[in-house]
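Counting starts at 1 for both ligands and their atoms, in listed order.
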Amino acid sequence: MPNPRKVCIIGAGNVGSTFAYTLMQSALAREIVLIDLDADRAQGEAMDLNHGLFFAPPVTIRAGGYDEVAEAALIVITAGAKQKPGESRLDLVQRNVAICKGIMGEIISRTSDAIVIMVTNPVDVLTYVAQEISGWPHGRILGSGTVLDSARFRYLLSDHCKVDPRNVHAYIIGEHGDSEVGVWSMTHIAGVPMDSYCTQICRQTCSDEHRAHILETVRDSAYHVIESKGATYYGVSMALARITAAVLRDENSILTVSLRADGHYGLSGVCLSLPAIVNRTGVERVIDTPLAHHEHEALHHSAAVLKDIIGHVTL
Ligand SMILES: NC(=O)c1ccc[n+]([C@@H]2O[C@H](COP(=O)([O-])OP(=O)(O)OC[C@H]3O[C@@H](n4cnc5c(N)ncnc54)[C@H](O)[C@@H]3O)[C@@H](O)[C@H]2O)c1
């Protein structure tokens with residue numbers, strides 16, 4: 001049986017080590033293990049993190065090898081190549097599919113009980129690849145998907161309406177990437193649909209131009225951050241801590257993780273983000289609810305983009 005508070009992070013680069021830093025302060029995990037092809041990097045990150053233990057809740061942190069995954073309740077995969085400036089997430093596909101296959105081989109030879117969160121891009125494609133390779137129930141392998149994009153969307157809406165982002169309910173669904181879809185029809189603040197909230201309560205316009213600008217900003221956020229500082233890691237680490245909490249604490253939280261569509265929204269044979277209940281079993285169920293016609297069309301376009309890539313991947 002897995003240790004319910006042991007988390008293995010595969011890939012100790014920007015995202016993996018920042019997630020470890022976020023996790024060590026969250027009191028969610030009792031053991032954190034960093035695994036990386038670059039063993040020195042993993043060792044160095046573990047040492048650096050350990051030097052902060054005096055200021056953190058009790059947790060052990062170490063670098064290790066793949067045998068560590070045998071007892072892990074949660075395995076988070078951040079290993080791989082990252083986007084270069086101007087490179088789309090989908091350009092990364094072949095490089096990271098090969099890495100993903102190698103890592104999943106190591107995992108499935110040692111455990112069949114953990115929940116796996118895929119983070120490496122293109123995350124939807126790699127979630128699909130990992131599910132296919134493992135043969136595990138699909139819900140046990142999920143992608144971080146658009147949890148981060150939904151957070152970016154909520155932040156921008158909260159800024160527009162001058163309200164706490166935690167009071168904004170809004171989802172980005174579909175691909176974690178260029179074809180992602182902002183679901184305005186599900187967006188509300190304190191139960192008030194976005195349109196009414198803007199016009200009646202915060203007295204801000206939310207014209208089609210405003211909406212398009214907000215969604216464009218969400219979609220291009222990663223490109224802008226990468227152009228400025230080379231990588232994104234703080235926002236995604238907090239999103240990963242949120243998903244980790246949902247799994248380790250069995251929270252039944254609704255999150256837009258990347259999952260295998262199985263008839264939901266009329267889609268199948270693809271992994272992409274949809275609002276779903278996440279708990280200790282991974283993805284328990286998808287919240288399948290009617291979308292506006294144009295949103296439904298956009299979601300199907302996003303799925304088609306991903307299916308096309310999956311069709312070119314050699315498993
Ligand atoms: N899903 C999201 O929301 C999101 C957000 C940000 C970044 N990412 C993705 O996360 C991934 C990592 O980004 P980063 O900035 O941390 O990159 P990075 O280059 O800083 O770190 C990647 C690490 O993976 C390691 N690695 C490479 N191949 C490996 C293997 N076969 N086994 C074990 N370790 C291996 C490298 O040694 C390196 O330490 C990228 O694919 C990036 O696009 C996803």
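In this structure, of Val119, Leu126, Ile103, Val225, the residue bringing a heavy atom nearest to atom 1 (N) of ligand 1 is Val119. Among Ile9, Val123, Ile99, the residue whose heavy atom lies closest to atom 31 (N) of ligand 1 is Ile99. Around atom 22 (C) of ligand 1, the closest heavy atom drawn from Ala79, Gly80, Gly11, Ala12 belongs to Gly80. The residue among Leu37, Asp36, Asp38 with a heavy atom at the shortest distance from atom 37 (O) of ligand 1 is Asp36. For the residues Thr78, Asn14, Val15, Leu34, the heavy atom positioned nearest atom 7 (C) of ligand 1 is part of Val15.
Contact annotation: for Asn96 versus ligand 1, heavy atoms closer than 4.0 Å belong to the side chain alone. By the criterion of a heavy-atom distance under 4.0 Å, the side chain of Ser144, and not its backbone, is placed next to ligand 1. Under 4.0 Å from ligand 1, heavy atoms of Asn121 appear from its side chain as well as its backbone.
Residue contacts with ligand 1 include Ala81, since one of its heavy atoms falls under 4.0 Å from the ligand. Heavy atoms of Gly102 come nearer than 4.0 angstrom to ligand 1 in no pair at all.
A perpendicular orientation is assigned to the rings of Phe153 and Trp184, their planes being inclined by more than 60° (bins at 30° and 60°).
Near Thr232, meaning under 4.0 Å from any of its heavy atoms, are these atoms of ligand 1: 5 (C), 6 (C).
Every side-chain contact (heavy atoms from CB on, under 4.5 Å) that Asp250 has, sequence neighbours left out, goes to Asn279, Arg280. Considering only residues two or more places apart in sequence or on other chains, Trp136 meets the ring pair (Phe, Tyr, Trp, His ring centres under 6.0 Å) condition with none of them.
Cluster membership for Tyr155 and Met238, using ILVMFWY side-chain heavy atoms within less than 4.5 angstrom, is not shared. The hydrophobic cluster containing Met194 does not contain Leu291, counting ILVMFWY residues as joined when their side-chain heavy atoms lie under 4.5 angstrom apart, directly or transitively. Two different hydrophobic clusters hold Leu37 and Ile35 under the rule that ILVMFWY side chains link at heavy-atom gaps under 4.5 Å. Ile10 and Ile99 fall within the same hydrophobic cluster, defined by Ile, Leu, Val, Met, Phe, Trp and Tyr side-chain heavy atoms under 4.5 Å apart, directly or through other members.
Within 6.0 Å of NE2 in His213 there are 12 or fewer heavy atoms belonging to other residues, nucleotides or ligands.
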